[in-house]
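A short write-up of the structure that comes next.
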Amino acid sequence: MTSDAYIETWTPARTLLCLAVKARRSEGDHATLRRLHGELGNDAAAALAVAHRAEPIVAHGLSEAGIEGAPWDGWHEASRARIGRMMSLLDEIAARAAALGIPVVALKNGAIARALHPCPACVPMGDLDLLVPRGDFVRMHEVLNAMGFAVVTGGARADGVDAGLAEGGTDYALSADGMTYAIDLQWRAVSGRWLRADQEPSAEELIGRSRPMPGTAARVLAPVDNLVQVALHTAKHSYCRAPGFRLHLDVDRVVHGTTIDWSGVLEVVHRLGVGTAVFLSLSVPRGLFDTPIPDWVLKDLAPAPARQALLYRWLRSVSVFEPDRPKFSRASQLLFHLALADAPDSVWRTFFPPATEMRDRHGVSGGRGSLMLGYGRRIADVVLRYQH
Ligand SMILES: [Zn+2]
């Protein structure tokens, strides 16, 4: 390993999983997949795919290595039908919007499935995330209503079009052929909680830079915007919370599916003040899938070594694998996200002294749990002190 990309302990199962799902595989990878599948057995491999919510993706990787049959073929076929239907809906929504002069950008998996990844069946998604200009939000609401979509109330999102217009987006759902298709209509690309509002790129700006996709009126973000978008999305899920593991494929696929101007990425990331968060978003797929992210990019974004080591250790303790196993508690998730915030090192060190210093100077002993408590107390101390 030449870079210090993120890794966890490799097991035969994890190796099989990562090789089977990554965007590009060599002949050598296929041979390794066949060997590992033989060693683990078909049932264990299937359980592994289920545990990582990656059934059709593992199926596709194994099929390229010559392993087919149940349950793989059925999984891939079911996903092909579902994602195919979602792509038809995307095309229809975008066409109806285009007729009204409204540009629609498919974010994240919508664009990855429609244009960036060669197999749409391998891009499972819960909903379609669509970005439109704020000024067109109400007309888009009418377009979706006319297609039979209804506003989903009671969820995390705004309760209707007026609230959505105020807050950033509204969720819609359509039931057809026994399936539910969900749309997340947004006029803000990234949840504002994540970014300093004054630096958040406006939807108009992002849409202005977006590109057409072949065969559809829907558009895709410009490559740099798209990469930053999916990177912030994995960060928002703390790199491990459901759907967890498979989220790291977004960066792998965007990097393989587009030509990335890495200097442009660094410029945007620094301007948004999200260097550390994006560092982890890139470092994890580099470590898991060998995604071609240049060393100089990781080096530029990497936080100070002690802080990087702490974040790596922290993330390993919850693991980016097995998304349905317990991850962060609410409190440690908050701390983890605090630790991702870009701030001058001096500020950061005030909140998170190195573990050795916590043990020596602040009398914290014991394992990770007490260290976390120590950090919590430390933050409370600092905040109180600053308030007085
Ligand atoms: Zn596939």
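Just so you know, ligand 1 is whichever comes first in the structure, and atom 1 is the first atom listed for that ligand. The structure presented is a predicted model; accordingly, all values stated were derived computationally and were not measured.
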Q.
Suppose clustering is done on Ile, Leu, Val, Met, Phe, Trp and Tyr with side-chain heavy atoms closer than 4.5 Å. Which residues sit in the same group as M213?
A. V220
Q) How about Y239 and H248: does a side-chain donor come under 3.5 Å of a side-chain acceptor? A) no
Q | Check: Q229/D250 side-chain N/O donor and acceptor closer than 3.5 Å | A | no
Q) Taking the Zn ion (ligand 1) as the center, what protein N, O or S atoms are found at less than 2.8 Å? A) H60 ND1, H76 NE2, C119 SG, C122 SG
(Q) I'd like to know if the side chain of S238 pairs up with that of R241 as donor and acceptor (distance under 3.5 Å, no hydrogens or angles considered). (A) yes
Q | Cation-pi check, R24 onto F289 ring (under 6.0 Å, within 45° of axis) | A | no
Q.
Over 60° means perpendicular and under 30° means parallel, so tell me whether F279 and Y312 are parallel, tilted or perpendicular.
A. parallel
